[in-house]
*Asks:* 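Have a look at this one before I ask anything.
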Number of protein chains: 2
Amino acid sequence: MLTIGQLAAHAGVTVRAVRHYHHCGLLAEPERDSSGYRRYDAAAVVDLIRIRTMADAGVPLARIDELLHAGQEEFAEAVAAIDDDLRARIRDLIRQRRRMAELVGGERLFLPAEVVAVLERLRSLGVSERTVRVERDMWIMMAAQSPELLPELVAVKNASFDDAELMRLYVACDEAFDWDPRDPRLARLAADMKAWAARRQEHEDVGPGTRALLDSHLTASSPAWERLMSLVAAP
Amino acid sequence: MLTIGQLAAHAGVTVRAVRHYHHCGLLAEPERDSSGYRRYDAAAVVDLIRIRTMADAGVPLARIDELLHAGQEEFAEAVAAIDDDLRARIRDLIRQRRRMAELVGGERLFLPAEVVAVLERLRSLGVSERTVRVERDMWIMMAAQSPELLPELVAVKNASFDDAELMRLYVACDEAFDWDPRDPRLARLAADMKAWAARRQEHEDVGPGTRALLDSHLTASSPAWERLMSLVAAP
DNA sequence: TGCAACCCTGACGCAGCGTCAAGGTCAAGC
DNA sequence: GCTTGACCTTGACGCTGCGTCAGGGTTGCA
């Protein structure tokens, strides 16, 4: 007769695992000796090895018992289902590895390369890092909400670099970042922005929900910008 | 200002996940409004998206915060470590799939093909199914305990099929399975077995622990066999 | 007789949330 | 003003497969 430790050793599992199998009804509880110790025979070793064999193959414990008593056909069916599950999990892990591989270096971390390039162009314009960060955040939000629009948005943005007046405004806004919200120069800037907006042609844009989100991010970044936006929005 | 539901929607996660991230300190708790509702700004959306991006790539939640604030170098290092982990998990799953594939059909389930062949030879000897099952269990135990010895053991077993006297004894033992333990024929059989054992040459065997296990399995299967074994063991 | 090495039950921990339970709040339509 | 449904709140259990204490009793050997 074997103790639980010997049984476990014979089957190559831990004592805790054996008790766990008892707990969930997978392995029958054996007789106890006078002091309450479990006592096993060789048949228990065989049962335990069979359980481990299935578990090692990835069969969920909850299904092992059912499978051990299943006929050829249902067995094959169940094995196929479990194998499908394993395949799916492998696929997921491989996808994760691909994403992992994309996580390299600075902003590239959370943005596609094309957007990183846009941010680089902004920097080369002489725009401050803090404004670049705000812009980056907006791209992160846009990429998350309308990934299908992203190429178009990037194209429009890139085209806008050729608009000298817009670039002048952009740099001016950058400078205005930490002006006092009551600074009189803001009114002038706002007027220029309205004039520019009046001339530009309409093009693709993110949805209204995303637009509101982006606007709220802008206004929250700088009190001066908040004032600026309310001035621009005013009739 | 956003509610938790709106925040979650913007980032493409569930409300429960957001609360979970708060709980484990991954996402900062925002201000509450007068009725206790959480109120978020756009920056929270960005934070949440960054968290999801890492989580989707397989970074454990517990490490995301540390990684978000890590420098280039440590970041790359950590990413490599996590990637290793992913690789290991994929390897394990693939191994499981291989084992899964081996789980097809009857006894093959838990035994290598060579052992299944041995059992087939036993059956063709006219040995009863119940004895074959006992033999199969012993092979299961041997395969689990000394897999490296298995080829040798199988070879010895296969060779033994050419020993006519041994085969006679084997079939006789099979018939003796449910004799009364006091049956006088057992003494005769035991004597023949001892005579055979005296003549056979020593060869590789499983360890003493496994041998005891196998013996206990034999004696437990049939009272007649138990008697037989004690007769054989007696001087 | 003492000590190490076993055995017992019971319970928490882990990862990442899903899913009730049992409420309070808000916006809209009647 | 009242109801209704969609949100929000905290709290707690569930899932998988055990690992790992805690707080005991038992056994076997020097």
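Here is how names work: the chains are called A, B, and so on, in the same order as the sequence lines, proteins then strands, and each is numbered from 1. As the structure is a prediction and not an experimental result, all values here were calculated from the model.
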*Asks:* Looking only at side-chain atoms of A:Leu61, point me to the closest of D:dG17, D:dT27, D:dG19.
*Replies:* D:dG17
*Asks:* Tell me whether A:Glu152 contacts the main-chain N or O of A:Leu149 through its side chain, where contact means a donor paired with an acceptor under 3.5 Å.
*Replies:* no
*Asks:* Between D:dC18 and A:Arg52, is there an OP1 or OP2 to side-chain N/O distance shorter than 4.0 Å?
*Replies:* yes
*Asks:* Is there a side-chain polar atom (N or O) of B:Ser35 under 4.0 Å from OP1 or OP2 of C:dC26?
*Replies:* yes
*Asks:* Would you kindly give the CZ-to-P distance between B:Arg89 and D:dT16, to the nearest whole Å?
*Replies:* 17 Å
*Asks:* Looking at B:Asp65, is its backbone amide N or carbonyl O close enough to the side chain of B:His69 to form a donor-acceptor pair, meaning the two atoms are under 3.5 Å apart?
*Replies:* yes
*Asks:* Answer yes or no: are there more than 12 heavy-atom neighbours, outside B:Arg227 itself, under 6.0 Å from its atom CZ?
*Replies:* no
*Asks:* Is a side-chain donor or acceptor of A:Glu31 paired with a backbone partner of A:Arg39 at a separation under 3.5 angstrom?
*Replies:* no
*Asks:* Give the ring-plane orientation class for B:Trp225 versus B:Phe177, where under 30° counts as parallel, over 60° as perpendicular and anything between as tilted.
*Replies:* perpendicular
*Asks:* With heavy atoms under 4.0 Å as the rule, sort A:Arg19 into base, sugar-phosphate or nothing.
*Replies:* base
*Asks:* Does CZ belonging to B:Arg182 count more than 12 external heavy atoms closer than 6.0 Å?
*Replies:* no
*Asks:* Based on the rotation axes of five pairs at each end, what angle does the helix from C:dT1-D:dA30 to C:dC30-D:dG1 bend through, to 10°?
*Replies:* 30°
*Asks:* CG of A:Leu27 versus C1' of D:dG17: gap in Å, rounded?
*Replies:* 15 Å
*Asks:* For A:Ala234, is there any backbone N or O sitting under 3.5 Å from a side-chain donor or acceptor partner on A:Lys194?
*Replies:* yes
*Asks:* Take atom OH of B:Tyr21 and atom C1' of C:dG18, then tell me their distance rounded to the nearest Å.
*Replies:* 13 Å
*Asks:* I'd like to know if the side chain of B:Asp41 reaches the main chain of B:Ala44, judged simply by a donor and an acceptor atom lying under 3.5 Å from each other, with no hydrogens or angles considered.
*Replies:* yes
*Asks:* Within this structure, what is the NE2-to-C1' distance between B:His22 and D:dT10, rounded to whole angstrom?
*Replies:* 14 Å
*Asks:* C:dG18 P sits how many Å from B:Arg16 CZ, rounded?
*Replies:* 8 Å
*Asks:* Calculate the interatomic distance between A:Arg32 atom CZ and D:dG25 atom P; express it in whole Å.
*Replies:* 17 Å
*Asks:* Expressed as a whole number of angstroms, how long is the span from A:Ile51:CD1 to D:dC18:P?
*Replies:* 11 Å
*Asks:* With the threshold set at under 4.0 Å for non-hydrogen atoms, list the residues of residues 2-13 of chain B touching DNA chain C in residue-number order.
*Replies:* none
*Asks:* Want to settle it: does B:Val59 or A:Arg38 sit nearer the 5' end of DNA chain C, counting the closest nucleotide to each?
*Replies:* A:Arg38
*Asks:* Which residue lies toward the 5' end of DNA chain D, A:Val15 or A:Arg39, if each is placed at its nearest nucleotide?
*Replies:* A:Val15
*Asks:* I'd like to know if the side chain of A:Asp137 reaches the main chain of A:Ile140, judged simply by a donor and an acceptor atom lying under 3.5 Å from each other, with no hydrogens or angles considered.
*Replies:* no
*Asks:* Can you name the closest pair of heavy atoms from B:Thr219 and B:Glu226 and give their distance?
*Replies:* O-CB, 3.7 Å
*Asks:* Quickly work out the B:His23 NE2 to C:dC17 P distance and round it to whole Å.
*Replies:* 13 Å
*Asks:* Between the base of C:dG24 and the side chain of B:Tyr37, is one N or O donor paired with an acceptor at under 3.5 angstrom?
*Replies:* yes
